[in-house]
Amino acid sequence: MASRPGARPAVRERKWPSRHPVRAIQVDGRSAVAHHLRRPGGGRFGFGEPSRAEVVAAVRAAEQSESWAEAFVATQVWGYGVTGYGPYRTRQVLAQPGAEAVLTEAMSLLVDKGAVAAYEALNTLDGLGPAFLTKFLYFAGLALPEVKGSRPLILDSVLAGVLRRHATKAGRAVGYEWSEAITKRIWRDSGWSSHRYDVYLRWMYAANDQLVAASINWPSAPDVLELALFSAAGDPE
């Protein structure tokens with residue numbers, strides 16, 4: 001897919017490491033880490049790397065060669081880290097007939113229609129759950145010059161759990177004793193619909209806007225909020 005002109009979103013220089021230690025994932029004899037994820041001055045990554053900014057750079061490099069499969073691998077390296085089943089699951093996703101066509105279609109949809117449409121397309125790939133497809137969407141959203149609407153954010157079971165606890169506490173505060181049962185269904189640990197992903201993005205961007213407006217020096221970057229919630233900074237318990 002050819003890139004559209006426009007300014008790319010900034011990626012902060014802070015070192016945001018992977019959520020897990022990282023190793024290369026080999027797919028069809030290629031390693032996204034070995035091929036793309038290199039430091040500017042040369043050399044390979046150490047234990048617990050790469051950072052988010054370095055994965056964005058890898059996805060941009062793959063975009064230029066129009067290899068969204070390589071871009072996908074880079075994001076899964078970051079997501080799975082040294083988890084033993086990461087390489088196997090990544091291979092299984094890409095081994096499906098038409099998998100790379102789905103990745104390419106999703107990127108076109110991300111540019112033309114937005115994150116929710118791209119989410120729907122990726123959710124058709126067997127073995128690629130929302131937690132890992134949103135990792136691919138997140139990095140692609142940073143790498144592409146422009147996308148329609150809000151840029152994607154990661155949604156996984158940890159974030160869903162934080163939102164579930166927040167929603168339960170808010171419901172109980174106004175006397176809704178049934179709030180826990182409802183929020184367990186709405187913010188379950190996996191299998192979120194594209195509608196639920198849309199709700200998540202709207203909530204995250206609105207919450208981030210409120211933090212920015214609160215004059216507490218909060219950066220205008222919803223993925224900072226995502227990282228804070230993942231790290232349990234926003235846990236009401």
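Atom CG in Leu211 sits 12.0 Å away from atom CG in Asn217 (nearest 0.5 Å). Rounded to the nearest 0.5 Å, atoms CZ (Phe139) and CZ (Arg60) are 11.5 Å apart. Atoms OH and CG, on Tyr200 and Leu159 in that order, are 4.5 Å from each other to the nearest 0.5 Å. In this structure, CG in Leu137 is found 11.0 Å from CG in Leu155, a value given to the nearest 0.5 Å. Rounded to the nearest 0.5 Å, atoms CD (Glu105) and CG (Asp112) are 11.0 Å apart.
Lys135 forms a cation-pi arrangement with Phe132, by the criterion of a distance under 6.0 Å to the ring centre and an angle within 45° of the ring axis.
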List the steps and the verdict of side-chain contact (heavy atoms from CB on, under 4.5 Å) for Val102 and Met107.
CA-CA 9 Å; Val102 172; Met107 295 303 93; over 6 Å; no
Using side-chain contact (heavy atoms from CB on, under 4.5 Å), reason through Leu227 and Asp223 one step at a time and then give a plain yes or no.
CA-CA 6 Å; Leu227 182 62; Asp223 52 353; over 6 Å; no
Apply side-chain contact (heavy atoms from CB on, under 4.5 Å) to residues Thr134 and Asp156 and explain how you reach the verdict.
CA-CA 8 Å; Thr134 58; Asp156 58 20; 5.9 Å; no
Does Arg52 form a side-chain contact (heavy atoms from CB on, under 4.5 Å) with Leu142? I'd like the steps, not just the answer.
CA-CA 10 Å; Arg52 293 192 185 205; Leu142 288 176; 6.0 Å; no
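In terms of heavy-atom proximity, Val158 sits nearest to Phe230 at CG1-O, 3.6 Å. Contact detail for Ala74 and Ala58: the closest heavy-atom pair is CB-CB, 4.1 Å.
Between Arg151 and Tyr205 the shortest side-chain heavy-atom distance falls below 4.5 Å. Side-chain atoms of Tyr138 and Val55, non-hydrogen and from C-beta on, never get closer than 4.5 Å to each other. You'll find the side chain of Leu103 reaches within 4.5 Å of the side chain of Leu94, heavy atoms only. Side-chain atoms of Ser150 and Arg202, non-hydrogen and from C-beta on, never get closer than 4.5 Å to each other.
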Residues 115-124 side chain polar contacts: donor-acceptor under 3.5 Å, at least two apart:
unit_1: Tyr119; atom_1: OH; unit_2: Trp192; atom_2: O; d: 2.6
unit_1: Glu120; atom_1: OE2; unit_2: Ser194; atom_2: OG; d: 2.9
unit_1: Thr124; atom_1: OG1; unit_2: Ala121; atom_2: O; d: 2.6

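Applying the side chain to side chain donor-acceptor pair (under 3.5 Å) criterion to Arg188, with sequence neighbours excluded, gives no partner residue. When the salt bridge (charged side-chain N to carboxylate O under 4.0 Å, His left out) test is applied to Arg164, the partners found at least two apart in sequence or on another chain are Asp189. Remark: Val93 pairs with Phe72, Gln96, Leu125, Leu128 by the side chain to side chain contact (heavy atoms under 4.5 Å, CB included) rule, at least two apart or across chains. Under the side chain to side chain donor-acceptor pair (under 3.5 Å) criterion, Arg196 pairs with no residue, sequence neighbours left out. Residues passing the side chain to side chain donor-acceptor pair (under 3.5 Å) test with Gln92, sequence neighbours excluded: none. Residues meeting the side chain to side chain donor-acceptor pair (under 3.5 Å) test with Asn208, sequence neighbours left out: Trp218. For Ala207, the side chain to side chain contact (heavy atoms under 4.5 Å, CB included) partners at least two apart in sequence or on another chain are Trp203, Leu225.
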